[in-house]
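Okay, structure first, notes after.
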Amino acid sequence: MTEDAGPRVLVALDFADSAAALALLARLDPARCGVKIGKELFTRAGPALVTRAVDAGFPVFLDLKFHDIPNTVAGACEAAADLGVWMLNVHAQGGPAMLAAARERLARRTTRPLLIAVTVLTSLEAADLAAVGCPGEPGERALQLAALARDAGLDGVVCSPLEAAAMRRRFGADFRLVTPGVRPASAPRQDQKRVLTPAAAVAAGADHLVIGRPITAVVDPLAALAAIEAEIMA
Ligand code: C5P
């Protein structure tokens, strides 16, 4: 990944209100990290919070995982782009027409956000996939859906750090890999089950690491970020 390729670390703003999110933003440095805004915070704080983060200079990954008919998803992507976000995502399971519609709507812009696909949620196991009528091994399905996203011209996928090496081998250097499930060796795992350290995730091919509580739930978030940066550079 080159220097202008965006932030290595995306801090997950998993807060229930905008005051807590803004307090953390005030303590972070937009030159050193981006932020991820997901469904909970967005539903509570809305586009105004996204705009505040963008205006503060943070690259924003709007993690709303759009999944609907092509026209609706294209419009939602355009609305997200109008907020000035740096990256947004859609579900690859929305299918080729939905992915193409999202990609084409964003391509009309002079500058556009990166468009990333969610493949198989890491909370799903083989039995869950079978229950929704898509039997198969989650890792294989993830590669299949990532290929669909790549063929539709998307910029990359969200994946487990444990899938990153296979994704990188299959899709090459120009396909963005965004990985949650990252834990510094010294940090508690909390509810994350299958994790890699930041250095191991980068070595496996991850471009951007989504990291929440190891940065957001500690006394000194900037020091935690600095320790993660040092670990990656070592
Ligand atoms: O606090 P923590 O580092 O576990 O936060 C990880 C973030 O990445 C959360 O926002 C979580 O919802 C998200 N995420 C994840 N695993 C996935 C997809 C998203 O942990 N498979």
Side-chain angles (χ1 to χ4, degrees), residues 7-18 20-21 24-25 27-28 33-45 49-50 53 58-67 85-93 114 116-126 128-129 137-139 141-143 145-146 149 156-164 166-167 176-202 204-222 224-225 227-229 231-232:
R8 176 70 82 188
V9 175
L10 303 173
V11 179
L13 299 182
D14 291 323
F15 296 110
D17 60 75
S18 72
L24 182 70
L25 288 183
R27 302 185 66 193
L28 293 173
C33 63
V35 294
K36 180 177 87 74
I37 296 176
K39 287 188 172 95
E40 181 185 10
L41 183 59
F42 186 82
T43 303
R44 291 202 181 271
L49 191 270
V50 177
F58 288 95
V60 174
F61 171 21
L62 189 62
D63 177 22
L64 296 182
K65 301 183 180 70
F66 296 135
H67 188 176
V85 304
W86 161 76
M87 173 183 280
L88 62 96
N89 60 2
V90 297
H91 266 285
Q93 286 169 2
L114 292 167
I116 301 293
V118 176
T119 58
V120 179
L121 294 170
T122 50
S123 51
L124 299 179
E125 297 177 336
D128 301 306
L129 292 180
E137 198 272 312
R141 293 265 316 148
L143 281 166
L145 288 164
V157 290
V158 181
C159 66
S160 157
L162 297 155
E163 294 168 351
M167 293 275 181
R176 302 257 181 166
L177 302 181
V178 181
T179 60
V182 175
R183 283 291 179 272
S186 58
R189 292 186 172 199
Q190 286 123 344
D191 50 356
Q192 295 284 5
K193 298 230 162 34
R194 303 186 313 135
V195 298
L196 285 187
T197 65
V202 169
D207 295 300
H208 308 287
L209 312 178
V210 173
I211 305 179
R213 290 161 290 176
I215 295 172
T216 62
V218 298
V219 175
D220 189 343
L222 261 191
L225 180 58
I228 289 166
E229 290 167 344
E231 186 195 318
I232 293 170

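Start at 1 and go down the list; that is how both ligands and their atoms are numbered. Heavy atoms only: backbone and side chains are in, while hydrogens, waters and symmetry mates are out.
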Practice problem: Decide if atom CD of Glu137 counts as having more than 12 heavy atoms of other residues, nucleotides or ligands within a radius under 6.0 Å. | Solution: yes
Considering heavy atoms of the protein only, find what lies nearest to [atom] and give residue, atom and distance to 0.1 Å.
atom                    : result
atom 12 (O) of ligand 1 : Lys36 NZ, 4.4 Å
atom 10 (O) of ligand 1 : Asp14 OD2, 2.7 Å
atom 16 (N) of ligand 1 : Pro180 CG, 3.6 Å
atom 20 (O) of ligand 1 : Gln192 NE2, 2.8 Å

Mark up the atoms of ligand 1 that fall under 4.0 Å of a heavy atom belonging to [X], in ascending order.
X      : value
Val210 : 7 (C), 8 (O)
Ala12  : 7 (C), 10 (O)
Arg213 : 1 (O), 2 (P), 3 (O), 4 (O)

Self-check item: His91 and His67 aromatic ring geometry - parallel, tilted or perpendicular at 30°/60° bounds
Solution: tilted
Quiz prompt | N or O pair under 3.5 Å between Thr122 and ligand 1 | solution = yes
Heavy atoms, side chains only, cut-off 4.5 Å: are [X] and [Y] in contact?
X      : Y      : result
Arg213 : Asp191 : yes
Cys159 : Thr179 : yes
Gln93  : Leu145 : yes
Leu88  : Leu64  : no

Self-check item: Ion pair check, Arg176 and Asp207, cut-off under 4.0 Å
Solution: no
Self-check item: Within reach of ligand 1, part of Arg183 (heavy-atom separation under 4.0 Å)
Solution: side chain
